[in-house]
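Let me begin by presenting the structure, written as structure tokens, before commenting on it.
Hydrogens, waters and symmetry mates are skipped; everything else that's a heavy atom, side chains included, is used. Ligands are counted one by one from 1 in listed order, and the atoms in each one are counted from 1 as well.
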Amino acid sequence: MPSCLSRDTWIGTNRTMRIIFIGPPGAGKGTQAEKIVAGYKLAHLSTGDMLRAAVAAKTEIGLLADKYMLSGQFVPDDLIIGIISERLSLPDCREGFLLDGFPRTIQQASALDVMLRENDSRLDVVLELRVPDAELSRRLVGRGRADDNPDVVKKRLSVYAEQTTPLLEYYGKQGLLETIDGLGEVNEVFERVKIILDKFI
Ligand code: ADP
């Protein structure tokens, strides 16, 4: 179907990529996400960035999210699902998107399934960026973000293991999961990402 026929909703064309990017804190997801959205011309939906912007602007959402973020916990599912559902309805998502930091819980993944179904749309691939725990802690503590002190880092890693790793099975069963080794130079890792993503264009 020519792309101009399917521009009236945020559903993409056949060549449009809809990607979920999953990885623990410190895996290098943000760095790779920037390269992916630039290289494949996708809308970048980073829930961490959106929440940090809301915190900085002291919006109602920001004030609410701040205390969860600073203690290494997830913000409530309803809040983040609302943000993403609004964001996905904006026109730039019609050309494809990279979801970075969402979904992070099974409840968020189910909500996303409903949003996609309602738009007669589907995901192309779920990329997991995998890095061993010891390396993650080492990278995070050197980084200096407000939620990067050692106790909060420990909490974020354990919340990831408990709440987000079940998504790997969830998407694995649907045949959507591709795991990438996140160890090595930034460009080396991006080469691995490209090998996977080039299959979808
Ligand atoms: P990281 O992956 O390094 O933990 P992010 O920038 O993706 O960092 O997110 C920072 C914080 O924002 C998380 O620790 C969490 O409190 C909150 N957050 C981001 N995305 C979500 C989400 N999908 N659900 C719940 N909380 C989220």
Are any of the N/O atoms on [X], whether in the backbone or the side chain, positioned under 3.5 angstrom from an N/O atom of ligand 1?
X      : value
Arg156 : yes
Thr47  : yes
Val75  : yes

Could you identify the single nearest non-hydrogen protein atom to [atom] and state the distance to 0.1 Å?
atom                    : result
atom 5 (P) of ligand 1  : Arg104 NH2, 3.6 Å
atom 11 (C) of ligand 1 : Met69 CE, 3.9 Å
atom 18 (N) of ligand 1 : Leu51 CD1, 3.5 Å
atom 15 (C) of ligand 1 : Gln73 O, 3.6 Å

Going by atom types alone, do [X] and [Y] pair a side-chain donor with an acceptor below 3.5 Å?
X      : Y      : value
Asp198 : Tyr40  : yes
Glu128 : Thr179 : yes
Gln73  : Ser71  : yes
Tyr170 : Asp113 : yes

Side-chain ion pair, [X] and [Y], N-O less than 4.0 Å:
X      : Y      : value
Arg156 : Asp148 : yes
Arg52  : Asp49  : yes
Arg130 : Asp181 : no

*Take Lys199 and Glu178 through the test salt bridge (charged side-chain N to carboxylate O under 4.0 Å, His left out) and record every step on the way to the result.*
CA-CA 12 Å; Lys199 292 194 256 176; Glu178 296 278 359; 3.6 Å; yes
Does ligand 1 have a heavy atom under 4.0 Å from the side chain of [X], from its backbone, from both, or from neither?
X      : value
Ile80  : side chain
Arg52  : side chain
Arg145 : side chain

*Should you measure from each heavy atom of Gly101, which atoms of ligand 1 turn up under 4.0 Å away?*
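Atoms satisfying the 4.0 Å criterion: 20 (N), 21 (C), 22 (C), 23 (N).
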*Any idea which atoms of ligand 1 are less than 4.0 Å away from a heavy-atom of Gln108?*
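Listed by number with element, the hits are 22 (C), 23 (N), 24 (N), 25 (C).
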_Point-to-point distance, once rounded to the nearest 0.5 Å, from CZ of Arg192 to CD1 of Ile180_ =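 CD1 of Ile180 is found 9.0 Å from CZ of Arg192.
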*Does Arg143 come within less than 4.0 angstrom of ligand 1, counting non-hydrogen atoms of the residue?*
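Arg143: in contact with ligand 1 (<4.0 Å).
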